[in-house]
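Everything numeric here is computed off the predicted structure, so don't read it as measured data. Lettering of chains follows the sequences in order, A, B, ..., and the numbering in each one begins at 1.
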Number of protein chains: 2
Amino acid sequence: MTVDIRKYKEIQQIKVAVDCIIFGFNDNRLELLLIHRGFQPEKGKWSLIGEFIGNDEDLDDAANRVLYGLSGLENIYMEQVKTFGKANRDSSGRVISTTYSAMILKSQYNEEHVNKYNAKWFPIDNLPELVFDHRDMVDSAIKRLRRRVRNFPIAFNLLPEKFTLPQLQALYEGILNEPIDKRNFRRKVAQMKYLVKLSEKDMSESKKGAYYYYFDEALYEIEQNFNL
Amino acid sequence: MTVDIRKYKEIQQIKVAVDCIIFGFNDNRLELLLIHRGFQPEKGKWSLIGEFIGNDEDLDDAANRVLYGLSGLENIYMEQVKTFGKANRDSSGRVISTTYSAMILKSQYNEEHVNKYNAKWFPIDNLPELVFDHRDMVDSAIKRLRRRVRNFPIAFNLLPEKFTLPQLQALYEGILNEPIDKRNFRRKVAQMKYLVKLSEKDMSESKKGAYYYYFDEALYEIEQNFNL
DNA sequence: GCAAAAGTGTTAAGGGTACACCCATGT
DNA sequence: ACATGGGTGTACCCTTAACACTTTTGC
């Protein structure tokens, strides 16, 4: 900003928070981790998880702290989505909130942490009523995810390191909410040399078994031609 | 956010601001409106224009207020870009700033307002040194603009209501910073039926004269197939 | 041997890109 | 008549989209 800060120092009284939209993938569906509010206002409703940021804390760090507190996970890929700043958006007072979207592996998070918050996974097409403007936050995060997932290799964050192509395709179908042609999908994957096929197979989903692949980040850096 | 606000009410001391990235188009170049800081800190350097937001003011409204204060223009198309929240980003204290990008007609703004701020236009490939992280703000806004301008009819905000195809092409070349094939460009324009050709010509740029076009918003709403 | 999921190629259509000349007019 | 910027069409290539059968193996 550009005006003398002293002019306002005494009078501005606005809280700053982050809210996390946490995506997971399970049972071929894109899911969201929400917490059951045990406190006022809007006690009993569902909400995203968020926190106020610390006076000396980077905004990004606050988002990571929130995610860690809920899931026990660190070094998770997060993206800032949008800042929500309507004057009356939070009934408990003036709060501006920046949203971050994260993708975690449902198999990896720490259940203890999650239980502490009464958190629960919901498929994105069957969300409960959310507090404040959290529904808008979710919608914008999903929209952004659908846009970005086609051009950047970020969806892999929702799968284990080793994954099969049927898994990957199901993930994309779940995120984009539309069927994908198997052969066209696999041809595209074949062009991405940083998606490396292993000789090992996953035998848990079929009798024939599906080859495992992994995303080789170093190879991706060389030629970033992602497009699905 | 999700924790009891009272827990933090007394201790959080963070200011909230907006900064505006104001684009203009002149002499076939994309330009940016910057102000010369007449106050500390960083007095004498150039910066984006911004303000702290009011206690009861929507974040979007604050951005519009800032733009109005500088240009005298209202109802200008603006988009939120990104929020910058590093703890030490502003040397005058803890300030979080959300950036907005706007596009204005250089021929329309109120020079009186502008002069009051010692504002000046700079071509985007020749910017002066900027305060704090304003350079990052500008970079992310330009990147976003380049992405969005291909898929949404927003560039028209940088041209008068009636414009010619040579003008429009030069605008796109200026924004994208790359040459565009004239015939391919015009074929695409021809497909967009909401770009309506007038019988009137602009005779100021050539002897032959170039037909005026205008962007018909109502027609666009019907089939939103923008792609340049 | 059969059910169930994994894996594999070809064709047609549309979109993108590259490219060179004529037109209208003011001087 | 010539200089200047406005306007036009075609061929090739690559990407996308549609579509059906074979393979493997546990039961």
Side-chain angles (χ1 to χ4, degrees), chain A residues 25 27-29 146-147 149-152 159-160 162-174 176-193 195-214 223-228, chain B residues 25 27-29 146-147 149-153 159-160 162-193 195-214 223-228:
Chain A
F25 185 65
D27 199 19
N28 286 355
R29 303 180 116 184
R146 288 190 172 141
R147 228 181 314 120
V149 86
R150 295 173 185 270
N151 299 310
F152 300 94
L159 293 177
K162 293 188 304 187
F163 52 86
T164 66
L165 296 192
Q167 273 182 309
L168 186 63
Q169 182 177 342
L171 172 62
Y172 269 83
E173 291 175 331
L176 299 173
N177 196 30
E178 59 189 26
I180 298 176
D181 183 274
K182 193 178 15 168
R183 282 176 285 190
N184 294 338
F185 182 81
R186 295 171 92 101
R187 176 175 35 257
K188 284 187 177 179
V189 168
Q191 288 165 359
M192 304 183 204
K193 299 180 191 120
L195 291 180
V196 183
K197 185 180 185 173
L198 299 173
S199 51
E200 188 188 357
K201 278 186 169 185
D202 167 30
M203 302 304 292
S204 67
E205 297 291 318
S206 71
K207 294 154 188 168
K208 185 175 180 179
Y211 284 105
Y212 279 119
Y213 285 70
Y214 70 94
E223 202 183 343
Q224 309 187 359
N225 61 329
F226 193 88
N227 153 262
L228 270 182
Chain B
F25 185 64
D27 198 19
N28 286 355
R29 303 179 116 184
R146 288 190 173 141
R147 228 181 315 120
V149 85
R150 296 172 184 271
N151 299 310
F152 300 94
L159 292 177
K162 292 189 303 186
F163 52 86
T164 67
L165 295 193
Q167 272 182 310
L168 186 63
Q169 183 177 340
L171 172 62
Y172 268 83
E173 290 175 332
I175 294 175
L176 299 174
N177 195 33
E178 59 189 26
I180 298 176
D181 182 274
K182 193 178 16 168
R183 282 177 285 190
N184 295 337
F185 182 81
R186 294 172 93 102
R187 177 176 33 256
K188 283 187 177 178
V189 168
Q191 287 166 0
M192 305 183 204
K193 297 180 191 124
L195 291 181
V196 184
K197 185 180 187 172
L198 298 173
S199 51
E200 189 187 355
K201 277 186 171 186
D202 167 30
M203 301 305 291
S204 67
E205 297 290 318
S206 72
K207 294 154 187 165
K208 186 176 178 179
Y211 284 106
Y212 280 119
Y213 286 70
Y214 70 93
E223 202 184 344
Q224 309 187 359
N225 61 330
F226 192 87
N227 152 261
L228 269 181

Grab the OH-C1' distance between A:Y212 and C:dA5 for me, whole Å please.
-> 15 Å
Which letter, B, S or -, goes with each nucleotide of nucleotides 19-27 of chain C from 5' to 3', with contact meaning a protein heavy atom under 4.0 Å?
-> BB--BBBB-
Specify the residues of residues 164-171 of chain B, ordered by number, for which at least one heavy atom lies under 4.0 angstrom from an atom of DNA chain C.
-> none
Round to a whole Å and report the spacing from CG of A:L198 to P of C:dG7.
-> 12 Å
Spacing of CZ belonging to B:F163 relative to CG belonging to B:L195, to within rounding of 0.5 Å = 5.5 Å
Kindly give the heavy-atom pair with the smallest separation between B:I180 and B:E173, and that separation in Å.
-> N-OE2, 2.9 Å
First-last contacting nucleotides on DNA chain D - partner chain A, under 4.0 angstrom, heavy atom | D:dT16 to D:dG26
So what does B:D202 touch, heavy atoms closer than 4.0 Å: a base, only the sugar-phosphate, or nothing?
-> nothing
With A:R187, which residues qualify under side chain to side chain donor-acceptor pair (under 3.5 Å), at least two apart?
-> A:N184
Spatial distance of atom CG (A:N225) from atom CD (A:Q191) [nearest 0.5 Å] = 8.0 Å
Interatomic spacing from CG in B:L198 to OH in B:Y214 - rounded to 0.5 Å = 6.5 Å
From CD (B:Q169) to OG1 (B:T164), nearest 0.5 Å | 10.0 Å
Distance in angstrom units between B:L228 CG and C:dG16 P, rounded = 10 Å
What pairs with B:R186 under salt bridge (Lys or Arg N to Asp or Glu O under 4.0 Å), at least two apart in sequence or on another chain?
-> none
Among all residues two or more places apart in sequence or in another chain, which pass the ring pair (Phe, Tyr, Trp, His ring centres under 6.0 Å) test with B:F185?
-> none
B:N225 has an atom CG; how far is it from atom C1' of C:dG15, in whole Å?
-> 13 Å
Atom-pair distance (CG on B:N151; P on C:dG15), nearest Å = 15 Å
Separation between OH (A:Y213) and CG (A:D202), nearest 0.5 Å, reads 13.0 Å
Roughly how far, to the nearest 0.5 Å, is the OH atom of A:Y172 from the CG atom of A:L165?
-> 12.0 Å
State whether B:Y211 and B:K201 meet the cation-pi test: NZ (Lys) or CZ (Arg) under 6.0 Å from the six-membered ring centroid, and within 45° of the perpendicular axis.
-> yes
Hey, does the side chain of B:N227 come within less than 4.0 Å of C:dG15's phosphate (OP1/OP2), counting only N and O?
-> no
